[in-house]
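In listed order, ligands and their atoms are each counted from 1. Values below: every heavy atom of this structure, side chains too, minus hydrogens, waters and symmetry copies.
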Amino acid sequence: MDSIYLAKYGEIWVKGRNKYIFENKLIDNLRENIKGLGEFKIRKNLGQIIIEPLSLDENYEKILIERVKNTFGIIGVAKVYRTKDKNIENIKNIALMHTKEKTKDKKLSFKVEAKRADKSYSLTSPEIAREVGGYIYDNMDNLSVDVHSPEFVLRIEVRDEVYIYSNLVAGVGGMPVGTNGRALAMLSGGIDSPVAAWMIAKRGVEVDAIYFHSSPYTSERAKQKVIDLSKRISKYIGNMKLYVVPFTDLQLHMREKCKQEALTIIMRRIMFKISEAVAKREGAYAIITGESVGQVASQTMKSIYATDAALDMPVFRPLIGFDKDEIVRLAKKIDTYDTSILPYEDCCTIFVAKHPYTKPRLDRIIIEEVKMDKLEEMIQEAVEMIEVIEIKRSELQ
Ligand code: ATP
Ligand code: MG
């Protein structure tokens, strides 16, 4: 008997003939995500992934589970006892030992769930559950049986070998990153945009980030905050690039030439144009933002219409129908919230008008925008001056 880790995946199941592409990518991503924690053999086995530690420091066990659970595509992970001896007496003994270890002397209700993937096995799934459940019940006096909502569930899977485990840790779900192309997320340092980036990456998209920096109006600390946020989401997304765009000159030019009330929308249009240029250069096919309808002046229907008209590429706004408290809940779940609420100014708060248009008319915005006679060349210049920061998946944590 030894211990291994069992990783379960979900939606890949719907993928018919191409399934193996998704499975292989998921295995590659897992391998990458647990790099540095030890040596592992990772393989598929009947729709599950087996992670067999060849060497694993005990202190890293928790981190291993954490990393596997945070890999998009994974719906559950468990540390599992494995035995090759399928004799029911052997299974009973391991099951009892495991249950004792896990429940100690706590008074709990329990049930045994058994699955027989090996159809040649002499007992059916319900028979295995009954035999093992009865044996545990007879040998422990702190447990009562509850098949509907038990506090402790012991799982047994009989395959080419037998797995015995109890705590299946829920995974983040989604699709393996790298199976659905690449997108570029506009990351501001606020609460919303990291959540938006996370949501699209969750669907298997490789995500890089772009940040518009208005030095010296925005401090180095504001930039550092965006770097920190990128690191936090890279825990899920994997290695990524953060493009830092020098934005000040464009903003000053815009402020000099255009009507105050139009600045917010024009600024957002320019951000989109630059993001699109970078995305095209880097092989990304969509832009991601953290906008949600009605949250601020630039997120009304007409504002969104007027900003979208600035580019041809699709803009993904996964939070479009979310309330702020729903976004906050997600931000806490993915562990970006604490960083997002640090009080460093972003470039929008410095150059915004007191009373921006909330119902901008596209034609009027364009009349203002064309007053920026140096717009095209300045956009080119900004793209050329971009600083690229390589974000590596966070070190051991
Ligand atoms: P967030 O919480 O993500 O900052 P927000 O509610 O503050 O969003 P805005 O400031 O209007 O809304 O920004 C809307 C979206 O535009 C952001 O979610 C982000 O995707 C993008 N964005 C705003 N400012 C920047 C910036 N300085 N650099 C990159 N992207 C930005
Ligand atoms: Mg913001």
In terms of its nearest heavy atom to atom 15 (C) of ligand 1, the top option of M267, H213, R268 is R268

For L64, is there any backbone N or O sitting under 3.5 Å from a side-chain donor or acceptor partner on Y5? no

Heavy-atom pairs closer than 4.0 Å: do any link ligand 1 to the side chain of V226, the backbone, both, or neither? neither

Please report whether ligand 1 has a polar contact with [X], defined as an N or O pair separated by less than 3.5 Å (distance criterion only).
X    : value
M186 : yes
K324 : no
I288 : no
P194 : no
S193 : yes
I191 : yes

Polar side chain donor-acceptor pair, [X] to [Y], under 3.5 angstrom:
X    : Y    : result
D228 : Q224 : yes
T71  : N29  : no
D118 : S120 : yes
Q48  : Y163 : no

Proximal atoms of ligand 1 relative to [X] (non-hydrogen, under 4.0 Å):
X    : value
G190 : 1 (P), 2 (O), 4 (O)
G290 : 17 (C), 18 (O), 20 (O)
I210 : 29 (C)
F212 : 26 (C), 27 (N), 28 (N), 29 (C)
M271 : 24 (N), 25 (C), 26 (C), 27 (N)
T289 : 20 (O)

Students often mix this up, so state it plainly: with edges at 30° and 60°, are the rings of F152 and H98 parallel, tilted or perpendicular? tilted

Answer yes or no for Q299: is there a heavy-atom contact with ligand 1 below 4.0 Å? yes

Quiz item: cation-pi between K202 and F72, 6.0 Å / 45°: no

Looking only at heavy atoms, which two atoms of D146 and H148 are closest? And how far apart? OD1-N, 2.9 Å

Is it the case that atom CZ in R159 sees more than 12 heavy atoms from other parts of the structure closer than 6.0 Å? yes

Distance (rounded to the nearest 0.5 Å) between I233 CD1 and T336 OG1: 8.0 Å

